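Taking it in order: structure first as structure tokens, then the write-up.
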There are 2 protein chains.
Amino acid sequence: MRKEAIERRNEILDAADELFGQKGFDGTSTNEILEKVGIARGTLYYHFKSKEDIMDALIDRYNTQILGAANGIATDKSIPVHERIVRVVMALNVSGGNSKEIIDHIHKPQNALMHQKIQKVIINGLPPILTEIIREGIEQELFSTPYPYECMEMIVAYTNTVFDDDMVDLTDDERAARIPAFIFNVERLLGVESGSLMYMMKMFDGGNGGGGHGNDGG
Amino acid sequence: MRKEAIERRNEILDAADELFGQKGFDGTSTNEILEKVGIARGTLYYHFKSKEDIMDALIDRYNTQILGAANGIATDKSIPVHERIVRVVMALNVSGGNSKEIIDHIHKPQNALMHQKIQKVIINGLPPILTEIIREGIEQELFSTPYPYECMEMIVAYTNTVFDDDMVDLTDDERAARIPAFIFNVERLLGVESGSLMYMMKMFDGGNGGGGHGNDGG
DNA sequence: TTTTATCGACAGACAGTCGGTCTAATGAAG
DNA sequence: CTTCATTAGACCGACTGTCTGTCGATAAAA
């Protein structure tokens with residue numbers, strides 16, 4: 001019945017996480033949250049100052065998870081530079097990583113505000129991580145750009161927008177067709193020879209399960 | 001007192017437009033709207049089926065205005081190809097065009113859903129318009145890319161994200177520093193020689209009034 | 001005893017509904 | 001031409017149910 005504050009907080013966050021994911025932020029009432037946890041109204045507001053405060057705390061969790069995962073990949077020097085970049089970006093947008101579930105969660109129509117807040121974290125948090133990889137690649141003379149940061153910013157902005165089910169309605173085929181174009185553009189941005197990153201196609205296919213977000217194409 | 005339905009509808013939309021711009025969608029109550037128009041509750045719901053319905057109608061208006069303006073510039077063959085592109089993009093993001101006011105309007109923290117809906121219109125509606133310009137530029141051998149559409153999609157996604165006050169917190173100086181990098185990257189994407197688009201810097205400066213979204217930097 | 005966690009009744013605000021009213025136009029009867 | 005009945009569209013405002021956030025009381029730990 002009575003619990004440590006942190007424990008209760010997490011119970012509330014877990015419940016909210018699930019409910020927001022199912023019904024969206026606006027579609028979930030505080031009553032539903034506290035009923036799910038099995039606490040009274042006052043308790044909820046003892047731990048959180050508002051409903052939005054719950055969402056912000058949830059986003060903090062996501063932040064840690066998403067950027068932590070990204071950082072983990074980014075600093076793993078056993079993975080070749082090329083591959084690291086794709087993996088970091090893919091972890092968010094295409095493949096079936098941990099953070100992918102979060103992102104999918106967020107991509108419900110009712111979650112506009114949460115979506116925006118997560119996007120903000122990604123667009124501000126991911127480029128610095130990726131830029132470090134690029135610098136490494138520049139040192140190894142794999143890439144060549146005077147603006148590694150802005151380069152990454154552009155790539156992240158793109159993938160977060162276009163490979164976002166809410167923003168651009170693409171069939172699986174259309175999405176697949178975007179990938180060579182995307183790789184081509186990335187090659188140009190990073191100043192590498194055309195075709196030299198095309199081998200990454202297979203990573204998208206593999207991570208994607210042959211289709212995209214929905215069921216896989218037969 | 002008694003008016004044509006279309007007229008009333010527009011009165012309501014005008015009021016909602018202003019109020020949403022000042023206080024955001026969530027921050028504006030239907031009472032405020034109907035008081036501003038000077039009508040009763042029932043009247044509001046006679047003309048619109050819900051509050052969100054009002055927002056959607058408002059967005060339809062924006063669509064027409066934004067994409068209409070973009071199209072007007074895009075098809076004006078008296079403007080050189082290079083300049084047309086910048087102008088179309090700038091009309092949304094940087095300069096003080098008509099649609100800029102709408103965009104600024106939308107960039108209030110409380111307007112996440114409206115923001116998202118407008119972004120969706122832009123990311124889906126603008127690249128086709130811009131792609132036509134690019135094709136013209138390719139014919140004139142100004143540009144060279146096998147993926148004009150995806151190129152434009154990337155540029156639009158970028159400007160809509162990074163030059164968006166809500167998404168990336170940039171000082172006026174930081175924003176100004178992004179511009180040469182942005183132009184450089186666009187040059188690479190469009191396959192033109194480095195520096196050949198740099199003259200466009202002045203367009204950003206001019207349209208921007210020397211600063212950015214806030215008061216101009218001294 | 002003091003602090004920390006919990007409770008649940010309550011207030012205030014809001015979106016959307018519903019039965020009813022008002023008005024202008026139409027048209028038929030006087 | 002006038003008068004009265006009818007109708008449909010525009011409008012009204014009280015009301016309902018729901019929701020968020022507050023507060024004083026209370027129980028359990030420290």
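Naming convention: chains lettered A, B, ... in sequence-line order (proteins, then strands); numbering from 1 in each chain. In what follows, every heavy atom counts, from backbone to side chain, and hydrogens, waters and symmetry copies are set aside. Predicted model, so just to flag it, every value in this text is computed and none were measured.
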Where at least one partner belongs to residues 122-133 of chain B, residue pairs that pass salt bridge (Lys or Arg N to Asp or Glu O under 4.0 Å), sequence neighbours excluded: B/Glu132-B/Arg135

Partners passing salt bridge (charged side-chain N to carboxylate O under 4.0 Å, His left out) against [X] (at least two apart in sequence or in another chain):
{"X": "B/Arg9", "value": "none"}
{"X": "B/Glu35", "value": "none"}
{"X": "B/Glu150", "value": "none"}
{"X": "B/Glu83", "value": "B/Arg87"}

Per-nucleotide protein contact string for nucleotides 10-25 of chain D (B base, S sugar-phosphate only, - none; heavy atom under 4.0 Å): BSBBB----SBBBB--

Value in whole Å for how far the P atom of C/dT4 lies from CD of A/Glu7: 17 Å

A/Leu44 CG to C/dA9 C1', straight-line distance once rounded to whole Å: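 Result: 16 Å.
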
